[in-house]
Amino acid sequence: MRPPKSLLLFLAGLLFVSASAAPAAPRADQIKRPTSQPYRGDLSIFEDAQRDQKLQIQRVLDLLGIKAGSAVADIGAGSGWFTVRSARRVGASGRVYAVDINRAYLKHIQQRAKKESLPMIQTVLGKADDPRLDPQSVDAVLLLKTYHEVAQPVALLHKVRTAMRPGARLGIIDRKGKGDDHGLDAAVVTQEAKRAGFKLTSQHDFVKGDDVDYFLIFQAGRTTP
């Protein structure tokens with residue numbers, strides 16, 4: 001004998017409520033630590049005349065293997081400070097993807113690229129956990145003073161790894177800190193990058209010479225459980 005239709009509807013409703021109330025399973029790439037709020041202020045702060053010298057940016061470009069014809073991603077591009085320097089290095093045969101979650105910053109970079117005659121620059125509206133780059137599309141990636149603002153960096157780096165070509169390099173420049181003070185210790189960054197399938201290949205402290213800033217270089221390695 002079949003149960004009445006009303007009973008079946010009642011039981012189905014209970015199952016729906018039970019499934020809706022169940023907590024979502026935690027993501028394997030989720031982290032729980034403090035982060036800093038993304039900067040949304042005046043972009044002129046990134047255009048300090050001494051910044052090239054302090055960060056030794058040409059040396060950074062060299063260590064990331066950026067050359068004529070390279071495809072580069074500048075994640076957290078801000079004012080486009082690193083974007084335009086990469087563009088001058090890669091030349092007409094290269095490509096630089098300026099990735100940011102702030103539409104106003106991307107518009108600023110578009111105007112800057114036009115003014116400075118750098119058509120190889122392409123802006124990309126990314127997401128907090130996804131740079132929205134095509135698979136195997138870049139030879140080098142840099143997060144310049146941005147990593148401490150990323151709420152879920154392991155998820156982001158998984159997507160970055162997918163976008164990188166074989167042999168590509170990932171650079172992270174940041175400063176010592178606790179995450180919510182516009183910095184994050186290099187050991188934490190290295191461990192999180194390892195979770196995303198990267199291995200640290202070199203570490204440098206020349207970017208300011210004050211033992212506060214650091215420059216880490218990673219390449220894709222074996223993903224750890």
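Note that these values count all heavy atoms, side chains included, but never hydrogens, waters or copies made by symmetry. All of these numbers come straight from a predicted model, not from anything done at the bench.
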Enquirer: Looking at Gln30 and Gln152, what are the two nearest heavy atoms and their distance?
Expert: CA-OE1, 3.3 Å
Enquirer: Report the distance from atom CE of Met120 to atom CZ of Arg88, rounding to the nearest 0.5 Å.
Expert: 10.0 Å
Enquirer: Closer than 3.5 angstrom, by distance alone: can the side chain of Ser36 be matched with the main-chain N or O of Glu149 as a donor-acceptor pair?
Expert: no
Enquirer: Counting only pairs under 3.5 Å, give me each side-chain donor-acceptor contact of residues 179-188, with atom names and distances, residues two or more places apart or in other chains.
Expert:
| from | atom 1 | to | atom 2 | distance (Å) |
| --- | --- | --- | --- | --- |
| Asp181 | OD1 | Lys178 | N | 2.8 |
| Asp181 | OD1 | Gly179 | N | 3.3 |
| Asp181 | OD2 | Lys178 | N | 3.3 |
| Asp185 | OD1 | Gly177 | N | 3.1 |

Enquirer: Any chance you could measure Asp174, atom CG, to Tyr147, atom OH, to the nearest 0.5 Å?
Expert: 9.5 Å
Enquirer: Is there side-chain contact between Phe82 and Leu55, with at least one heavy-atom pair below 4.5 Å?
Expert: no
Enquirer: Side chains of Arg103 and Lys107: does their closest heavy-atom pair fall under 4.5 Å?
Expert: no
Enquirer: Going through the checks in order, is the side chain to side chain contact (heavy atoms under 4.5 Å, CB included) test met by Asn102 and Leu125?
Expert: CA-CA 7 Å; Asn102 189 316; Leu125 180 64; over 6 Å; no
Enquirer: Could you report the tightest heavy-atom contact between Ser79 and Arg112, atom names first, then the distance?
Expert: O-NH1, 3.1 Å
Enquirer: Can you find a side-chain donor-acceptor pair between Ser70 and Asp139 that sits under 3.5 Å?
Expert: no
Enquirer: Over all heavy atoms of both residues, which pair between Arg33 and Pro153 is shortest? Give the atoms and the distance, please.
Expert: NH2-CG, 3.5 Å
Enquirer: Once you round to the nearest 0.5 Å, how far does CG of Leu200 lie from CD of Gln191?
Expert: 11.5 Å
Enquirer: What do the steps show when you test Lys127 against Arg132 for side chain to side chain contact (heavy atoms under 4.5 Å, CB included), and what is the final call?
Expert: CA-CA 7 Å; Lys127 297 168 63 177; Arg132 301 178 73 179; 3.8 Å; yes
Enquirer: Below 4.5 Å, heavy atoms only, C-beta onward: do Leu142 and Ile173 meet side chain to side chain?
Expert: yes
Enquirer: Donor-acceptor check, side chain of Arg169 to backbone of Leu63, threshold 3.5 angstrom: yes or no?
Expert: yes
Enquirer: For the residue pair Asp100 and Ala77, what are the closest heavy atoms and their distance?
Expert: OD2-N, 3.2 Å
Enquirer: Kindly work out whether a path of hydrophobic side-chain contacts (I/L/V/M/F/W/Y, heavy atoms less than 4.5 Å apart) joins Ile101 to Val96.
Expert: no
Enquirer: Of the non-hydrogen atoms in Ala140 and Leu64, which two are nearest, and what is the gap between them?
Expert: CB-O, 3.8 Å
Enquirer: Quick check for you: to the nearest 0.5 Å, what is the distance between Lys145 atom NZ and Ile172 atom CD1?
Expert: 13.5 Å
Enquirer: Heavy atoms, side chains only, cut-off 4.5 Å: are Arg95 and Val72 in contact?
Expert: no
Enquirer: Do side-chain atoms of Asp213 reach the backbone of Lys208 as a donor and acceptor pair under 3.5 angstrom?
Expert: no
Enquirer: Indicate yes or no: at least one non-hydrogen side-chain atom of Met164 is less than 4.5 angstrom from one of Phe198.
Expert: yes
Enquirer: Would you call the rings of Phe215 and Phe206 parallel, tilted or perpendicular, taking 30° and 60° as the class edges?
Expert: perpendicular
Enquirer: In Å, rounded to the nearest 0.5 Å, how long is the span from CG of Leu143 to CG of Leu156?
Expert: 6.5 Å
Enquirer: Decide if atom CD of Gln53 counts as having more than 12 heavy atoms of other residues, nucleotides or ligands within a radius under 6.0 Å.
Expert: no
Enquirer: Quick one: does Arg85's side chain have a donor or acceptor within less than 3.5 Å of a partner on Trp81's backbone?
Expert: yes
Enquirer: Side-chain contact test, heavy atoms from C-beta onward, threshold under 4.5 Å: evaluate it for Ser86 versus Asp74 and give yes or no.
Expert: no
Enquirer: Could you tell me whether the side chain of Tyr97 reaches within less than 4.5 Å of the side chain of Val138, counting heavy atoms only?
Expert: yes
Enquirer: Do Ile217 and Leu170 have side chains that get closer than 4.5 Å, going by heavy atoms?
Expert: no
Enquirer: Which pair of heavy atoms, one from Thr83 and one from Ala98, lies closest together, and at what distance?
Expert: OG1-CB, 3.7 Å
Enquirer: Checking Ser117 side chain against Ala113 main chain: does a donor-acceptor pair fall under 3.5 Å?
Expert: no
Enquirer: Test side chain to side chain donor-acceptor pair (under 3.5 Å) on Gln110 and Thr123; report intermediate values, then the result.
Expert: CA-CA 7 Å; Gln110 290 168 355; Thr123 57; 2.8 Å; yes
Enquirer: Measure from the side-chain N and O atoms of Gln219 to the backbone N and O of Gly167, and report whether any donor-acceptor pair falls under 3.5 Å.
Expert: yes
Enquirer: Would His148 and Thr146 count as having a side-chain donor-acceptor pair, cut-off 3.5 Å?
Expert: no
Enquirer: Could you please spell out the steps behind the side chain to side chain contact (heavy atoms under 4.5 Å, CB included) verdict for Ile109 and Ile121?
Expert: CA-CA 9 Å; Ile109 293 172; Ile121 293 175; 4.0 Å; yes
Enquirer: Under 3.5 Å, side chain of Arg89 to main-chain N/O of Ala68, donor-acceptor pair present?
Expert: no
Enquirer: Please evaluate residues Thr35 and Val150 with respect to the criterion side chain to side chain contact (heavy atoms under 4.5 Å, CB included), reporting the C-alpha separation (whole Å), side-chain torsions for both, the decisive distance (0.1 Å), and the verdict.
Expert: CA-CA 7 Å; Thr35 55; Val150 181; over 6 Å; no
